[in-house]
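Note that this is a predicted model, so its numbers are computed, not measured. Numbers restart at 1 for each chain; the letters A, B, ... are given by sequence-line order, proteins then strands.
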Amino acid sequence: MIFMDMQGLEAKWRGRWGKGKAYEPEAGEGKKKFITAAFPYPNSPQHVGHGRTYTTADIYARYWRLRGYNVLFPMAFHVTGTPILGMAKRLEEGDEELLSIFENIYGIPREKAESLTQPEALVLYFSREIEEGMKEIGYAIDWRRKFYTFDRHFNKFVQWQFRKLKAKGYVVKGTHRVAWCPSDSNVVSAHDTQGDVDPEIEEVTCIKFKYKDGWLVASTYRPETIYGVTNIWVNPAEKYVKAFHGEEAYYISKTAARLLSLQIPMEVAEEIEGAEIVGGAAEAPDGRKVPILSAEFVDARLGTGVVMSVPAHAPYDYLALRDLGKLGELKPVVVMTYPGLKPGAIPAQEVVERMKVPDQNDAKAEDATKELYKAEAHGGIMSIGDFKGIGALAAKEKVKDKLAGEGRAFNLFVLAKGPVFCRCGAQVCVKLVEDQWFLDYGDGEWKAETKEWLGKMCIMPEGSRKDYLATIDWLREKACTRASGLGTPFPFDKGKIIEPLSDSTIYMAFYTIAHLLKDADPEELTEEFFDYVLLGKGKGRKEWEKVREEFLYWYPVDSRHSAGDLIRNHLPFFIFNHVAIFPEKHRPCQIATNGFVMMEGKKMSKSFGNILPLRKAIREYGADVVRFSVVAGADLTQDTNFERSVAEGVRGRLEHLYSLLDYGKEDGDGRMEKWLKSRMSRRLIALPELYEKLEMRALAQNVFYEVMHDLQWYLKRADSPKLKWFFQKWAAIVSPFMPHFAEEVWESVGGKGFVIDAAFPKGDSKLVDYGLEMGEELVSSVRYDVEKIAERIGAKPKKVFVYVPVAWKFDAYNLMRERKNLKDLMEFGKKGKLDMESVSRFGKGLMGKVHSLPDVLPSKEEYGALHDAAGFLSKELGAEVVVRKEEDYLKADSSAGLKVMEGGHPKASNAMPGKPAIVLE
RNA sequence: GCAGGGGUGGCAGAGCCUGGAAAAUGCGCGGGGCUUAGGACCCCGUGGCCUAGCGCCUACGCAGGUUCAAAUCCUGCCCCCUGCACCA
């Protein structure tokens with residue numbers, strides 16, 4: 001057994017590719033493909049999951065290269081944003097949790113980790129790590145064009161982009177609501193909150209009830225139920241305040257006054273106990289006087305801390321009144337009905353009683369609320385008030401507008417599912433940020449043009465196009481600056497940095513010229529420079545022409561690759577911004593997205609501790625095995641599963657193949673070589689489409705697993721294997737997946753140069769021999785049947801007789817396939833003067849599946865295939881196999897004088913086309 | 001709530017657009033081969049029943065419908081997953 005040194009083999013080919021500058025394409029005349037994948041954010045080493053997108057892009061790039069295209073696949077590093085800053089800070093502080101992740105999951109020695117306290121050092125460390133990994137796995141990347149998004153050259157480019165966007169009116173300024181920690185004075189996102197709660201902002205309506213010298217302000221999600229208000233709830237145990245908003249006095253909870261003051265300026269005048277308010281009365285917008293009652297379920301931290309009570313439609317309100325024994329005096333007022341509600345019934349009462357909710361503190365009260373809200377939101381029709389007859393959701397808006405118009409309501413933003421707490425312990429609130437800059441993805445014209453361009457793009461998988469459309473539709477203003485972090489200074493407002501998702505929308509254009517700007521003074525990269533190079537505007541200097549040519553040659557992006565999660569942000573931005581900046585001929589042609597990689601069936605995550613670093617995987621299994629394993633397990637959209645057993649299986653097959661290379665010295669043209677060529681040719685014809693559509697699953701199947709099956713059958717059937725032709729074709733078609741191993745095979749069978757530079761083998765339909773393949777299938781199925789029978793009778797046969805049906809059965813079979821009726825068959829029998837009983841029996845047998853009869857070989861070929869395989873079958877079955885024609889038996893049987901021939905058996909007449917009769921002895 | 005997607009064998013996952021074979025392929029499991037042994041590799045099996053295979057029954061979330069024929073088309077219902085932004 002030859003031992004295969006995978007590491008050595010791969011290093012050897014990487015070395016040779018490097019020496020040959022295999023991945024440094026130059027702009028020129030010929031046809032090109034420009035392929036990019038979303039660049040990495042270097043705040044950790046990459047794991048096998050990251051490898052999926054890049055491997056997919058790499059396979060695609062390598063495929064086009066085989067098809068004779070000049071292919072550019074570049075890479076850079078995205079260092080914009082705050083996480084790296086935060087990480088550096090935590091390292092400086094000696095954060096034990098982080099240091100432990102570095103040590104145990106990333107495998108970074110503690111001393112090293114402790115030295116990475118500067119953001120730049122951190123970025124450099126991880127980007128080197130990632131770059132090394134990408135080299136080891138054999139990506140066809142042109143590293144000359146590498147850059148970082150904090151490079152000054154790149155900053156100039158992004159600033160140019162923003163000036164273009166501003167000139168078009170797409171960069172706007174306004175106010176913006178954010179989740180805010182009043183204690184830290186900082187924007188809060190999910191990973192800043194206790195329990196990683198997503199601080200979701202939603203709108204509530206605040207309705208003003210006349211109270212004393214001002215307003216008791218109740219917050220509600222259901223303003224349309226105002227017509228059914230019977231009372232107000234205030235928590236007697238909480239502190240309330242009287243606060244002035246301008247001239248108006250608001251009575252709300254103390255916490256609310258503090259949290260909401262960031263949205264509506266308020267000055268607290270006096271503090272009041274909730275208990276003091278309870279017992280009073282307030283006047284609803286329609287003039288009705290309602291009492292203020294005590295309720296402990298009121299959370300002072302939510303909304304205004306004042307709740308309006310609608311017992312007919314809110315189970316909590318109904319239960320609270322019932323608990324207080326006040327249902328008698330405060331009668332629920334039904335404001336809407338919905339399908340399924342009994343006439344005259346009170347919705348909240350109905351739900352509460354049906355679900356047997358004992359009181360307001362029971363958990364079932366929540367379920368009741370949800371159920372009722374759902375029913376009313378879907379099917380609710382207003383039955384009283386100004387909007388009688390209108391659907392509940394529409395009425396909600398109308399009531400809101402009406403009350404606002406009367407000065408009796410206003411809207412506020414609050415955190416949903418609240419209260420939410422910051423890591424520091426303070427309650428998170430909503431703040432309105434003034435002077436926030438936006439990219440106006442809500443702009444109608446821009447949106448329309450973006451959608452139109454999307455329509456012209458190729459989207460893979462096609463099914464995700466809907467997601468793009470939905471996202472483009474729903475995008476509004478996107479905040480595009482932030483106060484801190486690495487990146488590009490915002491050109492119109494000092495001290496602001498362009499936000500990470502906004503500085504990475506057209507950066508692919510920068511790849512085309514990055515290597516030419518390395519030595520340039522960033523100050524020379526002026527507005528005029530980029531105008532000339534990227535848009536062809538102005539005269540341009542002589543030395544800029546080369547740069548312009550490079551851009552013109554490579555742009556547009558032919559295929560953009562990323563994980564599917566970017567469909568909700570980066571990818572639409574990518575289209576939007578290209579549409580805004582570039583003319584049609586330079587806008588992107590195609591996007592391909594993929595799912596994630598799971599580890600042994602589980603999501604890969606730090607907390608599970610099941611992250612497999614890419615470089616570690618490469619050391620264990622070899623680059624080609626890892627490449628194949630991360631992309632071949634599932635189709636593009638699906639999450640794929642990295643399983644060690646699968647990786648080992650692939651590895652084992654490669655070793656097996658390696659041991660077969662000795663057979664690759666010669667060619668042959670026997671029956672089995674023809675069969676193998678037929679199978680392979682069929683593949684060669686089908687593969688280009690699969691590659692172009694990135695049907696990864698089918699590709700993996702075709703290029704690897706099925707090829708292995710063919711090969712095994714061939715080895716079993718061929719006396720002395722001759723695999724030169726086979727290996728030559730296979731090395732080429734598998735090289736996008738497994739470039740290193742493919743080179744080894746290619747060289748071993750006498751291929752010239754690198755296989756990665758070879759031409760994609762053309763499939764020759766003349767080599768496809770359908771009959772030959774069917775013949776082999778027949779042989780295989782006969783073997784299977786014999787084994788099945790032997791097993792059933794529990795004895796090994798000494799001799800096996802195989803009967804190919806008499807010739808007329810083939811004609812009859814095809815007749816049945818075509819006409820699908822017995823009548824025509826009987827007609828055929830009469831004409832041919834056949835034994836009508838046999839014909840009838842034959843026909844009835846086929847009738848049941850007449851609509852799905854498979855294609856069969858002609859009589860002669862069927863006999864030929866089996867006759868030819870008799871030796872093989874004998875060997876496989878360990879018994880002599882004799883192939884006969886049905887008529888031989890019939891003859892022997894009917895000539896009464898002769899004794900019945902050996903192996904003669906009435907079963908012989910059961911022979912059907914495609915299913916020869918088998919007799920065991 | 002809004003938007004998008006999905007429910008097939010022990011598991012993962014094809015097939016469903018373009019209706020027509022217990023249902024690709026891989027993993028797992030059982031048996032055999034090869035090996036000093038293990039791993040890897042190779043072969044066979046893996047819903048149930050069976051008058052020797054070519055056969056029958058039962059399956060594709062649930063319930064109906066269209067059709068000679070439905071996992072595949074139509075209708076209703078149940079359940080599950082993902083995203084909702086300033087964050088890489």
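Using N1 to N3 plus N6-O4 or O6-N4 for Watson-Crick, or N1-O2 and O6-N3 for G-U wobble, each under 3.5 Å, B/rC73 pairs with B/rG65. Of all nucleotides present, none satisfies the Watson-Crick or G-U wobble test against B/rG38 with each distance under 3.5 Å. Across every strand in view, B/rC11 sits in a pair with B/rG26 that passes the Watson-Crick or G-U test at under 3.5 angstrom. As the counterpart of B/rG1, B/rC84 is assigned, both hydrogen-bonding distances of the Watson-Crick or G-U wobble pattern falling under 3.5 Å. When both distances must be under 3.5 Å, the Watson-Crick or G-U wobble mate of B/rU51 does not exist.
Applying the side-chain hydrogen bond (donor to acceptor under 3.5 Å, both in side chains) criterion to A/D473, with sequence neighbours excluded, gives A/K451.
Distances shown here put a side-chain N or O of A/H709 below 4.0 Å from the OP1 or OP2 atom of B/rG26.
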Legend entry - Where protein sits on nucleotides 33-41 of chain B, one letter per nucleotide: B base, S sugar-phosphate only, - none, heavy atoms under 4.0 Å: -------SS
Legend entry - Reading 5' to 3' through nucleotides 3-16 of chain B, protein heavy-atom contacts under 4.0 Å coded B for base, S for sugar-phosphate only, - for none: SSS------BSS--
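In summary, the aromatic rings of A/F704 and A/F737 are positioned with their centroids too far apart to meet the 6.0 Å limit. Between A/Y507 and A/F39, the gap from one ring centroid to the other is short of 6.0 Å.
A/F576 and A/Y441 have tilted rings, their planes meeting at an angle from 30° to 60° on a 0 to 90° scale.
Of the candidates B/rU25, B/rA52, B/rC87, B/rU25 carries the atom nearest the A/Q701 side chain, counting heavy atoms from C-beta on.
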